[in-house]
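Scroll down for the structure; my scribbles are underneath it.
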Amino acid sequence: MPGPSLLDRRLLIVTGKGGVGKSTISAALALLAARRGKRVLVCEVNAQERIAPLLGAPPTGSVIREARPGISTVVVNPHDSMREYGLMVLKFRTIYEAVFENRVVRYFLKVIPSLAELVMLGKILHEVRARDAGRPRWDLVILDAPATGHAVQLLRVPAALLDTVPAGPLRADAQWMQGLLVDPRATALSIVTLPEEMPVNEAIELDTQVRGVLGIARGALFVNAMPERRFEPAERELLLGLQGEPAPLGPAAWAAVLQSRRAEQAERYLGRARAALDLPTHVVPLLPAEEWGPAAVEDVAALLGEEI
Ligand SMILES: Nc1ncnc2c1ncn2[C@@H]1O[C@H](COP(=O)(O)OP(=O)(O)OP(=O)(O)O)[C@@H](O)[C@H]1O
Ligand SMILES: [Mg+2]
């Protein structure tokens, strides 16, 4: 059964190989949702902050702040999440400080890696279900997740805890978190890739894990930075013949041949991704932005807005 449309979920997870455009797509989706009247929160995980600058706002760090009307952003890191989680459980700052700022406890937090993930994911999912004055605090939370392997590690934590932890508060937390992640009406995971060999391989592998170990509903596939096909095969033959001409014609013809080969390869990888993943697919062109920033994200949002 198909779920609700992408922007009508409560939590949209965006992941894929490093550098493929996850933050760009996350920011563009946030713009689209906000334009449709939704109150949006975009979370980045333990990252060099990208989202606020891509939306034309100064960095916000680990404090939730409005980047533009309707869109807030935050960077979630283990240290601050642990502090918030500790305060939520222990209620009093002085007790928290006595326990969590303790050197021995800090050591344990470091050596139990999934604890860092648990508290970060917990903070994000807490925002998804938070309510103020009887209505959800956010209509949509977008998680600009880490790259593939780290994202799977992060999203697996509740299920892993349910396998190992006995009844108690930690288990109860893992339970509601997992319930939210695998609820197809609430949550969907989208994959971003480039139309290139390694990113597409990684996207296919990731999709297997999403369907298998993670069990999270799949949203859409975004094929980003697609080069435009500019020349027909006959034209390419002509260009090949011009290679030996003096500059600038010869070098320009050669550059055009390379561009045309690249576009052709990209089409093959796009085809491969479509065939292997069988997901609603959105193709975002390679844009000639000199500096990657808010204007480029606006362009991406405008293009996606026609399809989403
Ligand atoms: N459609 C596009 N056209 C041209 N360049 C693009 C496009 N999308 C992204 N880029 C380039 O790729 C860079 C990386 O994009 P982005 O930061 O969104 O990727 P990411 O997947 O979030 O990276 P990371 O894994 O580091 O978080 C951008 O700074 C920009 O230079
Ligand atoms: Mg990013």
Side-chain angles (χ1 to χ4, degrees), residues 12-33 40-62 67 71 73-77 117 120 124 141-155 189-207 210 219-230 258-259 262-263 265-267 269-270 273 281-308:
L12 270 189
I13 302 164
V14 178
T15 180
K17 191 170 165 37
V20 295
K22 299 178 293 296
S23 298
T24 299
I25 299 293
S26 299
L29 291 174
L31 281 179
L32 282 182
V40 186
L41 173 67
V42 190
C43 304
E44 283 176 273
V45 175
N46 212 10
Q48 177 72 30
E49 186 165 356
R50 283 286 278 163
I51 294 291
L54 282 176
L55 292 168
T60 54
S62 62
I71 309 178
T73 67
V74 68
V75 182
V76 177
N77 68 58
E117 266 119 21
M120 290 194 291
I124 296 159
V141 174
I142 297 176
L143 170 55
D144 176 12
T148 316
H150 289 115
V152 172
Q153 206 176 321
L154 175 74
L155 298 167
L189 183 148
S190 292
I191 299 178
V192 185
T193 186
L194 299 175
E196 294 169 14
E197 182 171 7
M198 297 313 284
V200 167
N201 287 348
E202 200 164 310
I204 294 170
E205 171 62 23
L206 168 63
D207 187 59
V210 176
L221 171 69
F222 294 90
V223 178
N224 187 30
M226 181 77 189
E228 187 189 342
R229 178 200 265 270
R230 294 228 169 87
L258 288 183
Q259 193 283 337
R262 187 158 171 231
Q265 269 173 4
E267 274 169 29
Y269 288 118
L270 169 62
T281 301
H282 306 287
V283 179
V284 177
L286 178 69
L287 296 173
E290 237 170 70
E291 231 177 88
W292 202 250
V297 172
E298 287 282 357
D299 289 344
V300 173
L303 287 159
L304 289 176
E306 293 170 16
E307 301 178 2
I308 292 176

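Model, not experiment: these values are computed from the prediction. In listed order, ligands and their atoms are each counted from 1.
- Closest to atom 19 (O) of ligand 1 among all protein heavy atoms lies Gly21 N, 3.0 Å.
- Less than 4.0 angstrom separates some heavy atom of Pro285 from each of these atoms of ligand 1: 1 (N), 2 (C), 3 (N).
- Atom 13 (C) of ligand 1 is never approached by the protein to below 4.0 angstrom, counting heavy atoms only.
- A donor-acceptor distance shorter than 3.5 angstrom exists from the side chain of Thr15 to the backbone of Pro146, with no hydrogens or angles considered.
- A distance of 11.0 Å separates CG of Leu55 from CZ of Arg50, quoted to the nearest 0.5 Å.
- Pro58 and Ala52 make their closest contact through O-CB, 3.5 Å (heavy atoms, listed as atom of the first residue, atom of the second, distance).
- For Gln259 (side chain) and Glu228 (main-chain N/O), a donor-acceptor pair under 3.5 Å exists by modelled atom type.
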Residue pair Arg262, Glu196: steps toward the salt bridge (charged side-chain N to carboxylate O under 4.0 Å, His left out) verdict: CA-CA 9 Å; Arg262 187 158 171 231; Glu196 294 169 14; 3.7 Å; yes
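- Regarding atom 5 (N) of ligand 1, its nearest protein heavy-atom neighbour is Trp292 CZ3, 3.6 Å.
- Shown here for Leu154 and Leu143, the closest heavy-atom pair between the two residues is CD2-CD2, 4.5 Å.
- Across Ile25 and Val284, no two heavy atoms sit closer than the pair CD1-CG2, 4.1 Å.
- Counting protein heavy atoms only, atom 8 (N) of ligand 1 is closest to Asn224 ND2, 2.8 Å.
- The ligand atoms of ligand 1 that sit less than 4.0 angstrom from a heavy atom of Gly18 are 25 (O).
- At a 3.5 angstrom cut-off on N or O pairs, Val20 counts as close to ligand 1.
- At a cut-off of 2.8 Å, Ser23 coordinates the Mg ion (ligand 2) through an N, O or S atom.
- Within the listing of ligand 1, atoms 3 (N), 4 (C) sit less than 4.0 angstrom from a heavy atom of Leu286.
- Atom numbering of ligand 1 starts at 1 in the shown order; those under 4.0 Å from a heavy atom of Leu287 are 2 (C), 3 (N), 4 (C).
- Pairing each heavy atom of Thr148 with each of Lys17, the nearest pair is OG1-N, 3.4 Å.
- Under a 4.0 Å criterion applied to the non-hydrogen atoms of Arg50, ligand 1 contributes the atoms 17 (O), 28 (C), 29 (O).
- Scanning all heavy atoms of the two residues, the minimum distance from Leu32 to Gly305 falls at CD2-CA, 3.5 Å.
- Residue contacts with ligand 1: Gly19 is included, with a non-hydrogen atom under 4.0 Å away.
- The closest non-hydrogen atom to atom 22 (O) of ligand 1, taken over Ala225, Ser26, Gly16, Ser23, comes from Ser23.
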Glu44 and Thr73: CA distance, side-chain angles, deciding distance, side-chain hydrogen bond (donor to acceptor under 3.5 Å, both in side chains) verdict: CA-CA 8 Å; Glu44 283 176 273; Thr73 67; over 6 Å; no
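- Counting protein heavy atoms only, atom 20 (P) of ligand 1 is closest to Lys22 N, 3.4 Å.
- Numbered from 1 in the order shown, with element, the atoms of ligand 1 that lie under 4.0 Å from a heavy atom of Thr24 read 15 (O), 16 (P), 18 (O).
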